[in-house]
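Heads up, the thing below is written out as structure tokens.
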Amino acid sequence: MRKILGSRSAMAKVIIRELKALKKRICTSAPDCNKKNGKSCCIQRKKKIEAVPVVLLMDRFGYVKTVDNSVYERNKEAADSENKQIVPCMSDGKICLFTDDGQLHLVKVSDIPYGKFRDKGIPVDNISNYDSSTENIVYITALESIMDKKLLFVTEQSMCKLVAGSEFDVSKRTTAATKLQEGDKILYLAVAEPETTLVLRSQKNYFLRFATEDIPEKKKGAVGVRGMRLGDGELLTDVWQLNNEKEEIIMIKEKAVHLNRLRIANRDTRGVKK
């Protein structure tokens, strides 16, 4: 003992020997221990929780929760009627909340309560920077579902653009999703589908239909290009993205307007009065 205490090198050898013995005992007793070349590894890795598909449900009051896919399927009719947003996602993914003032709020799915179908959930304001008193959600989607797609933006002042979904894979919880002109708001936001046409409607019931592919792809920090030529102080009120599978009909002063039958014109024109 005196020899050990009187020599730093002897003391170091004893400490190293004791630590190696302790390290070996901890490793070989670990359930995840793997032996390589006859020697046990000394790193016990925590098992990663496997990601599974879930469904996000948001009711009209902004309360959110996630449920298992099978739970949603068993309660599909009630879920579809009681919730204003239904978003398939992965348990380790992120949810994108796009608001009318041009902001993107990202929410981790793991931060959203997971449970039973009749659980109340939690206000989305409580788990994100979204403020329901000052902004409105215009589009909600899972980040992974838009990574290889393009998003179509249309504003009240008729500014349009396509943006690659991968641009919204950011680390910040809140970021600008687009650049807006003064007083403008996002009116319509959705995935741009192939072989579709866009119909814009103004406050004075002018309608303009043109090919979605006529809208250029821009960066998220760009304003975009003009869709319809508007009168002074006039704004857009409605936007439809049409395909050939479903006919869209609206009523104006008890008169039916068949949107799919509108003549396809050029972007940046006035359109037709209805």
Side-chain angles (χ1 to χ4, degrees), residues 53 55-56 69 76 80 84-90 93-100 102 104 106 137-170 175-180 184-202 206-230 236-250 257-272 274:
V55 179
L56 177 144
N69 273 6
K76 190 176 187 305
D80 291 353
K84 67 176 184 179
Q85 300 287 353
I86 299 172
V87 182
C89 52
M90 298 298 295
K94 293 181 180 180
I95 297 296
C96 299
L97 305 176
F98 293 91
T99 63
D100 58 354
L104 163 64
L106 285 174
I137 297 173
V138 293
Y139 186 56
I140 178 171
T141 186
L143 177 61
E144 63 265 20
S145 70
I146 61 171
M147 289 296 290
D148 59 347
K149 296 180 173 62
K150 292 180 175 59
L151 295 188
L152 169 61
F153 288 75
V154 182
T155 74
E156 291 180 346
Q157 295 179 10
S158 193
M159 303 307 296
C160 309
K161 68 176 179 180
L162 299 177
V163 181
S166 57
E167 286 209 35
F168 304 106
D169 184 10
V170 296
T175 188
T178 187
K179 183 177 181 180
L180 295 173
D184 203 3
K185 288 184 176 296
I186 297 176
L187 177 63
Y188 179 87
L189 205 169
V191 169
E193 301 294 346
E195 299 181 0
T196 57
T197 57
L198 205 63
V199 175
L200 309 182
R201 177 188 182 183
S202 76
Y206 278 86
F207 287 79
L208 177 64
R209 182 185 180 196
F210 58 92
T212 305
E213 63 182 17
D214 290 348
I215 300 174
E217 182 176 343
K218 300 280 187 180
K219 293 294 184 180
K220 66 180 181 180
V223 173
V225 297
R226 186 165 58 184
M228 176 194 286
R229 290 187 184 178
L230 299 172
L236 294 183
T237 60
D238 297 284
V239 179
W240 295 269
Q241 189 177 183
L242 306 179
N243 55 39
N244 295 323
E245 298 177 0
K246 181 182 177 182
E247 187 172 14
E248 289 284 351
I249 304 173
I250 65 168
V257 178
H258 297 255
L259 301 182
N260 302 70
R261 300 179 189 177
L262 293 173
R263 181 179 64 88
I264 299 177
N266 295 322
R267 181 183 59 79
D268 197 17
T269 54
R270 183 62 171 138
V272 296
K274 291 293 183 179

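All of these numbers come straight from a predicted model, not from anything done at the bench.
Between the Glu248 side chain and the Leu259 main chain, no donor and acceptor come within less than 3.5 Å of each other. Between the side chain of Arg209 and the backbone N or O of Ile264 there is no donor-acceptor pair closer than 3.5 Å. Between the side chain of Glu144 and the main chain of Met90, a donor-acceptor pair closer than 3.5 Å is present. Side chain of Thr196 to main chain of Gln241: no donor-acceptor pair is present (N/O by atom type, distance under 3.5 Å, no hydrogens or angles). A distance-only check finds no donor-acceptor pair linking the side chain of Asp214 to the backbone of Arg267 [under 3.5 Å]. A distance-only check finds a donor-acceptor pair linking the side chain of Lys161 to the backbone of Ala222 [under 3.5 Å].
Between the NZ atom in Lys219 and the OG1 atom in Thr178 there is a gap of 13.5 Å [rounded to 0.5 Å]. Interatomic distance, CG of Leu151 versus OG1 of Thr141, reported as 7.5 Å (0.5 Å rounding). Expressed to the nearest 0.5 Å, how far CD of Glu247 lies from NE2 of His258 amounts to 6.0 Å. Between the OG atom of Ser202 and the NZ atom of Lys274 there is a distance of 13.0 Å, given to the nearest 0.5 Å. Separating the SG atom in Cys96 from the CD1 atom in Ile146 is a distance of 4.5 Å, to the nearest 0.5 Å. From Tyr206, atom OH reaches atom OG1 of Thr269 across 12.0 Å, with rounding to the nearest 0.5 Å.
Residues meeting the salt bridge (charged side-chain N to carboxylate O under 4.0 Å, His left out) test with Lys150, sequence neighbours left out: Glu217. Here Leu187 pairs with Glu156, Leu236, Val239 under the side chain to side chain contact (heavy atoms under 4.5 Å, CB included) rule; sequence neighbours left out.
Of all the heavy atoms in Pro88 and Ala142, the pair that sits closest is O-CB, 3.6 Å. Across all non-hydrogen atoms, the minimal contact from Asn69 to Pro53 is ND2-CB, 3.4 Å. Across all non-hydrogen atoms, the minimal contact from Arg226 to Met228 is CG-O, 3.4 Å.
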Self-check item: Derivation and outcome, side chain to side chain contact (heavy atoms under 4.5 Å, CB included), residues Leu152 and Leu189
Solution: CA-CA 5 Å; Leu152 169 61; Leu189 205 169; over 6 Å; no
Exercise. For side chain to side chain contact (heavy atoms under 4.5 Å, CB included), just list the numbers for Asp184 and Val223, CA-CA rounded to whole Å, side-chain angles, deciding distance to a tenth of an Å, and then say yes or no.
Key: CA-CA 10 Å; Asp184 203 3; Val223 173; over 6 Å; no
Practice problem: Could you walk me through whether Phe210 and Ile215 pass side chain to side chain contact (heavy atoms under 4.5 Å, CB included), step by step? | Solution: CA-CA 9 Å; Phe210 58 92; Ile215 300 174; 3.8 Å; yes
Exercise. Test Leu208 against Arg270 for side chain to side chain contact (heavy atoms under 4.5 Å, CB included), laying out the working first.
Key: CA-CA 7 Å; Leu208 177 64; Arg270 183 62 171 138; over 6 Å; no
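Shown here is Asn244, whose CG atom has no more than 12 heavy atoms of other residues, nucleotides or ligands within 6.0 Å. Environment of NZ in Lys218: sparse, with no more than 12 heavy atoms of neighbouring residues, nucleotides or ligands closer than 6.0 Å.
Val191 is listed as a side-chain neighbour of Tyr139, based on a closest heavy-atom distance under 4.5 Å. You'll find the side chain of Trp240 reaches within 4.5 Å of the side chain of Arg201, heavy atoms only.
Evaluation of the salt bridge (charged side-chain N to carboxylate O under 4.0 Å, His left out) test over residues 185-195, restricted to residues two or more places apart or in two chains, returns none.
A perpendicular orientation is assigned to the rings of Phe168 and Phe98, their planes being inclined by more than 60° (bins at 30° and 60°).
Ile95 pairs with exactly one of Leu143, Leu56, Leu106 by the side-chain contact (heavy atoms from CB on, under 4.5 Å) rule, that one being Leu56.
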